[in-house]
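Encoded as C-alpha cells, the structure appears first; notes follow it.
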Number of protein chains: 2
Amino acid sequence: MNAPLNGRTQQYHHGDLRRALLNHAAAAISESGVAKVSLRELARRAGVSHAAPTHHFGSREGLLTALAAQGFHALADLMHNAQEQTGDFAEMGVAYVQFALSHPAHFEVMFQPHLHQGDDPALLAAQQRAGELLYGAPTLPGTETRDAGIAAWSLVHGFATLWLSNALPAEQGTPPEQRARQVIRAFLDGRNNGGLAANDS
Amino acid sequence: MNAPLNGRTQQYHHGDLRRALLNHAAAAISESGVAKVSLRELARRAGVSHAAPTHHFGSREGLLTALAAQGFHALADLMHNAQEQTGDFAEMGVAYVQFALSHPAHFEVMFQPHLHQGDDPALLAAQQRAGELLYGAPTLPGTETRDAGIAAWSLVHGFATLWLSNALPAEQGTPPEQRARQVIRAFLDGRNNGGLAANDS
DNA sequence: AGCTGAATCTTGACATTGACAAGATGCCGT
DNA sequence: ACGGCATCTTGTCAATGTCAAGATTCAGCT
C-alpha cells in the first residue's frame with residue numbers, strides 16, 4: 001500500500017495532501033460559500049485526520065491565503081496567454097470573466113483581504129504578478145489615460161462579480177461569455193469614435 | 001431604570017436591540033470582515049445575553065440577511081435621490097460608489113448570496129426595489145441597448161469592489177469619489193461620439 | 001544497507017461558537 | 001388587575017479552529 005507511481009492516487013501519508021485540500025476547498029466553496037467551509041470537513045473529504053490541514057496551512061486563514069495565491073497565479077497565466085494569442089483587448093476582458101466564472105471559489109477568495117494573512121510572501125508575489133499583467137499592459141488602444149485601464153478592469157470585474165452574485169437580470173439562458181462579450185463590446189463601441197465599429201460577431 | 005423616552009438609549013429589555021445588533025454587526029464587519037463576526041460577540045457589545053440575537057434573527061444567516069436587506073433599501077434610497085436631484089447619469093454612478101464606500105459592511109454582505117437565506121421576503125422585496133432603480137431607469141443617454149446599462153452598473157460595481165479590496169493601485173491619496181468620477185468619465189467620454197464631450201468638471 | 005533527522009500525519013484536549021429548549025421578565029391591551 | 005405575548009436569560013450540546021505531544025513515513029548521508 002505504498003505505491004503512488006502515478007502522482008494522482010493517494011499513497012499512505014496521502015502523498016500530496018496540500019493540493020488535495022486546495023481542490024476540495026475550491027469545490028466546497030463554490031458549492032456553499034467560504035463561510036460554510038471548515039478545515040475538519042475538508043480533512044474528512046480527503047480522508048485524513050482533523051488536524052492534518054493545520055499542519056500544511058497553519059490555519060484556516062492560511063488555507064484561504066494559499067487558495068487566493070493559487071488564484072492570482074492562474075489568473076496571471078490566463079491573462080498572459082490571452083494577451084499573446086489574441087492581441088484583442090476585448091478578448092482579454094472576456095478571458096478575465098471566463099476565469100472568474102470557471103474558478104468562482106478562487107475568485108471569491110482572491111478579493112476579500114479579510115480572509116487573507118496579508119503578509120504571506122507567496123500571496124504578495126502572486127498578487128504583484130497578476131497586478132502587473134492587469135495593470136501594466138492594459139493601455140487602452142485609443143487612450144493613454146490610466147483611468148481608462150481602471151475603467152476596463154472595473155467593468156469586467158464588476159460584471160463577473162454581479163454574475164456570480166446572481167444579481168444580473170436573467171436573459172433566457174444566454175451563455176455568460178457571450179453576454180460578457182456583448183457588454184464589453186457595448187463598452188468599447190462607445191470608444192473608437194463610432195467610425196470603425198466592430199462587426200465580427 | 002425604565003425610561004427610554006428618546007428612542008436611542010437602552011431601556012431594560014434593551015428597547016431596540018434589533019437595530020443595535022445590526023449597527024454593531026455593520027461596524028464589526030467593516031473592521032474585521034464577515035467571517036470573524038459572531039453572534040455572541042455582537043451580544044456582548046450590545047450588553048445582552050448570548051442567545052438574544054438568535055431570538056431576533058433566528059440565526060446568523062438571518063442577521064446577515066437582514067443586513068443585506070437594509071443595505072438594498074439604503075442603496076435604493078440613495079439612488080432614488082441621486083436620480084431626482086441630479087439627472088446626471090455619471091452622478092448616479094458616483095452615488096453608487098459612494099454608497100459602497102460609506103457602507104462597506106452592507107455592500108460586502110449584499111452581494112454574497114451564500115450568506116443569505118434566499119427566501120426571506122424582506123430581502124427579496126429590497127432586492128427588487130433596488131433592482132428596479134438600478135436596472136429600470138438606467139437607459140444610457142445615447143444608447144437604448146440593455147447591455148449598456150449592465151456595462152454601466154458593472155463599471156461602478158467593479159470599481160467599488162476593487163477599491164474595497166484594496167486592489168487598485170494607490171494614487172497618492174486621491175479621494176475615492178474623485179477617482180470614481182474620473183473613471184466613470186473615462187468610461188462615458190468614449191460614448192457620445194467624441195463630438196459633444198462632457199465639459200462640466 | 002542502516003541510521004538519523006525532518007516532514008507528515010494522528011490523537012487528544014480546550015475554548016469558542018451557533019443553535020436549541022426551557023424558563024424568567026417586563027409590556028400591553030382588555 | 002390580569003392574562004397573553006414578545007423579549008431576554010440560562011443551560012446545554014455538537015461542531016469547529018487551534019495547539020501540544022506523539023506516531024509514522026520519508027530522504028539523505030555514511
Side-chain angles (χ1 to χ4, degrees), chain A residues 1-7 9-25 28-29 31-67 109 112 114-117 120, chain B residues 1-7 9-25 28-29 31-67 109 112 114-117 120:
Chain A
M1 228 62 71
N2 59 355
L5 285 183
N6 54 9
T9 55
Q10 61 182 24
Q11 60 192 29
Y12 186 73
H13 266 339
H14 190 285
D16 83 36
L17 196 146
R18 189 188 157 92
R19 194 180 336 263
L21 287 174
L22 287 175
N23 291 344
H24 283 132
I29 291 174
E31 286 172 11
S32 321
V34 189
K36 291 176 190 163
V37 167
S38 74
L39 292 183
R40 288 173 112 105
E41 172 64 24
L42 295 179
R44 259 171 249 135
R45 295 202 197 186
V48 295
S49 84
H50 66 244
T54 304
H55 175 263
H56 283 275
F57 301 101
S59 67
R60 200 185 113 108
E61 243 187 3
L63 184 143
L64 297 180
T65 301
L67 243 194
V109 169
Q112 292 196 258
H114 282 306
L115 300 177
H116 310 155
Q117 37 201 29
D120 182 84
Chain B
M1 226 62 71
N2 60 354
L5 285 183
N6 54 8
T9 56
Q10 61 183 23
Q11 59 191 30
Y12 185 74
H13 268 335
H14 189 284
D16 97 63
L17 196 145
R18 188 187 157 91
R19 193 180 338 262
L21 287 173
L22 287 175
N23 291 344
H24 283 133
I29 291 175
E31 286 171 12
S32 321
V34 190
K36 291 175 189 163
V37 168
S38 73
L39 292 182
R40 289 174 112 106
E41 172 64 24
L42 296 179
R44 261 171 248 135
R45 295 201 196 186
V48 295
S49 84
H50 65 244
T54 305
H55 174 262
H56 284 275
F57 300 102
S59 67
R60 200 185 112 108
E61 244 187 2
L63 183 143
L64 298 180
T65 302
L67 242 194
V109 168
Q112 292 195 257
H114 281 306
L115 299 178
H116 310 153
Q117 36 201 28
D120 182 84

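When reading the values below, keep in mind they use all heavy atoms of this one structure, side chains included, and skip hydrogens, waters and symmetry mates. Just so we're on the same page: letters track the sequence lines, and every chain starts at 1.
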Within less than 4.0 Å of OP1 or OP2 of C:dA19, is there a side-chain N or O belonging to B:T54?
-> no

Numerically ordered, the residues 55-66 of chain A set in heavy-atom contact under 4.0 Å with DNA chain D is A:S59, A:R60

For residues 42-49 of chain A, which side-chain N or O atoms pair as donor and acceptor with protein atoms under 3.5 Å away, sequence neighbours left out?
residue	atom	partner	partner atom	Å
A:R44	NH1	A:E41	OE1	2.7
A:R45	NE	A:E41	OE2	3.3

Anything under 3.5 Å between a protein N or O and an N or O of nucleotides 10-14 of chain D, put it in a table, one pair a line.
residue	atom	partner	partner atom	Å
D:dG11	O6	B:H50	NE2	2.9

Those residues at least two apart in sequence (or on a different chain) that pass side-chain contact (heavy atoms from CB on, under 4.5 Å) with B:Q112 are A:E108, A:Q112, B:E108, B:L115

Rounded to whole Å, the CG-C1' distance (B:L17 to D:dT9) equals 12 Å

Query raised in the report: Backbone N or O of B:L21 within a donor-acceptor pair of the B:H56 side chain at under 3.5 Å?
Result: no

A:H55 meets the side-chain contact (heavy atoms from CB on, under 4.5 Å) criterion, sequence neighbours left out, with none

To the nearest angstrom, the CG-P distance between B:L21 and C:dG18 comes to 12 Å

Between CG of B:L115 and P of C:dG18 the distance, given in whole Å, is 13 Å

note: B:L39, atom CG; C:dC20, atom C1'; distance rounded to Å ~ 13 Å

| Base, sugar-phosphate, or nothing for B:R44, non-hydrogen atoms under 4.0 angstrom? | sugar-phosphate

Taken to the nearest whole Å, NZ/A:K36 to P/D:dT16 is 13 Å

Sorted by chain and residue number, the side-chain contact (heavy atoms from CB on, under 4.5 Å) partners of B:H50 (sequence neighbours excluded) come out as B:R40

B:D16 CG to D:dA6 C1', in whole Å, measures 15 Å

A:R19 atom CZ is separated from C:dT8 atom P, nearest whole Å, by 13 Å

Please tell me if the side chains of B:V109 and B:H116 come closer than 4.5 Å, counting only heavy atoms from C-beta onward.
yes

So CZ of B:R60 and OG1 of B:T65: to nearest 0.5 Å the spacing works out to 11.0 Å

Hits for side-chain contact (heavy atoms from CB on, under 4.5 Å) against B:S59, two or more places apart or cross-chain, chain-then-number order -> B:E61, B:Q117

- Message: Do A:L22 and A:F57 have side chains that approach each other closer than 4.5 Å (heavy atoms only, starting at C-beta)?
- Response: yes

